[in-house]
Amino acid sequence: MRRFIAGLFIGLVFAGFMALGFWQIARLHWKLDLIATIDRYQSETVDLTPYIDDATAEFRHGTITGVWDEVSVLATKNVTMNGNFGHWIATSLDLGAGKSIVVNRGWVPEGSQNNVVNAALPRGP
């Protein structure tokens, strides 16, 4: 009886590890497809206006026209890049017709965030 239970336990553990291995392979293929999609979308610069309401428009690289909302500037906290503390700066861009998007304006090192947040943004489109 002990041999049967030990064999069953070993079989279940083996099956579990096999399932985890297959999951890792599936995850690898998913990730490679995602990277290829990002590379494909970022290889061309397009007008982003038609993609505003399109949920599948992630990772697009392009241009869009709007007016900066100087009130809606945000600096994240506790972000590291290459071992340095800093902040991502994001600002709302008003596109007109009641639509706006949040634009990630980039990363700044700790201590520089107030200069960027308080800096005057370009006026007009």
Side-chain angles (χ1 to χ4, degrees):
M1 184 67 166
R2 281 185 165 173
R3 289 186 113 167
F4 174 75
I5 292 174
L8 182 63
F9 178 74
I10 290 171
L12 288 173
V13 168
F14 179 74
F17 283 136
M18 289 294 292
L20 286 173
F22 287 125
W23 172 74
Q24 284 287 355
I25 291 170
R27 186 172 174 260
L28 170 67
H29 291 295
W30 169 82
K31 189 171 184 178
L32 291 175
D33 288 342
L34 178 63
I35 291 169
T37 300
I38 292 170
D39 287 344
R40 184 174 62 250
Y41 282 154
Q42 291 189 348
S43 66
E44 60 184 21
T45 300
V46 297
D47 178 24
L48 296 174
T49 306
Y51 298 103
I52 293 301
D53 295 321
D54 186 357
T56 63
E58 288 184 309
F59 312 117
R60 297 264 181 199
H61 183 257
T63 60
I64 196 160
T65 302
V67 177
W68 292 114
D69 180 2
E70 292 185 3
V71 177
S72 301
V73 180
L74 153 70
T76 63
K77 293 191 178 197
N78 299 327
V79 178
T80 60
M81 182 176 288
N82 299 325
N84 299 311
F85 288 106
H87 306 268
W88 287 107
I89 307 297
T91 305
S92 178
L93 184 68
D94 183 8
L95 305 175
K99 295 188 178 193
S100 64
I101 60 172
V102 176
V103 177
N104 181 345
R105 293 175 43 211
W107 184 88
V108 295
E110 177 69 34
S112 301
Q113 72 275 10
N114 291 334
N115 295 337
V116 176
V117 169
N118 296 327
L121 293 168
R123 302 255 184 224

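The first residue in the sequence is number 1, and the count goes up from there. The figures here come from the full heavy-atom set of this structure, side chains too, leaving out hydrogens, waters and symmetry mates.
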First locate atom CG of L34, then atom CD1 of I38, and finally report the distance between them rounded to the nearest 0.5 Å.
->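 L34 atom CG to I38 atom CD1 measures 4.0 Å (nearest 0.5 Å).
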Could you give the distance from CG (L48) to OG1 (T63), rounded to the nearest 0.5 Å?
->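 Nearest 0.5 Å value for the CG-OG1 distance: 6.0 Å.
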[X]: which residues meet the side-chain hydrogen bond (donor to acceptor under 3.5 Å, both in side chains) condition with it, sequence neighbours left out?
| X | value |
| --- | --- |
| S72 | D69 |
| T37 | none |
| S92 | none |
| D54 | T56 |

Does CZ in R40 sit with more than 12 non-hydrogen atoms of other residues, nucleotides or ligands closer than 6.0 Å?
->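 For R40, atom CZ is crowded (more than 12 foreign heavy atoms under 6.0 Å).
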Minimum heavy-atom separation for A75 to I89, with atom names?
->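 That would be CB-CD1, 3.7 Å.
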Non-hydrogen atoms of P50 and D47 that approach each other most closely =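 Taking every non-hydrogen atom into account, CD-O, 3.3 Å.
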Who passes side-chain contact (heavy atoms from CB on, under 4.5 Å) against I101, sequence neighbours left out?
->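 In terms of side-chain contact (heavy atoms from CB on, under 4.5 Å), with neighbours along the sequence ignored, I101 is linked to I52, I64, L93, L95, V103.
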Show the atom names and distances, to 0.1 Å, of all donor-acceptor pairs under 3.5 Å that link a side chain in residues 4-31 to residues at least two apart or in another chain.
none

Establish whether L74 and L121 are linked, either directly or via other cluster members, by ILVMFWY side-chain heavy-atom contacts under 4.5 Å.
->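 Shared cluster, no.
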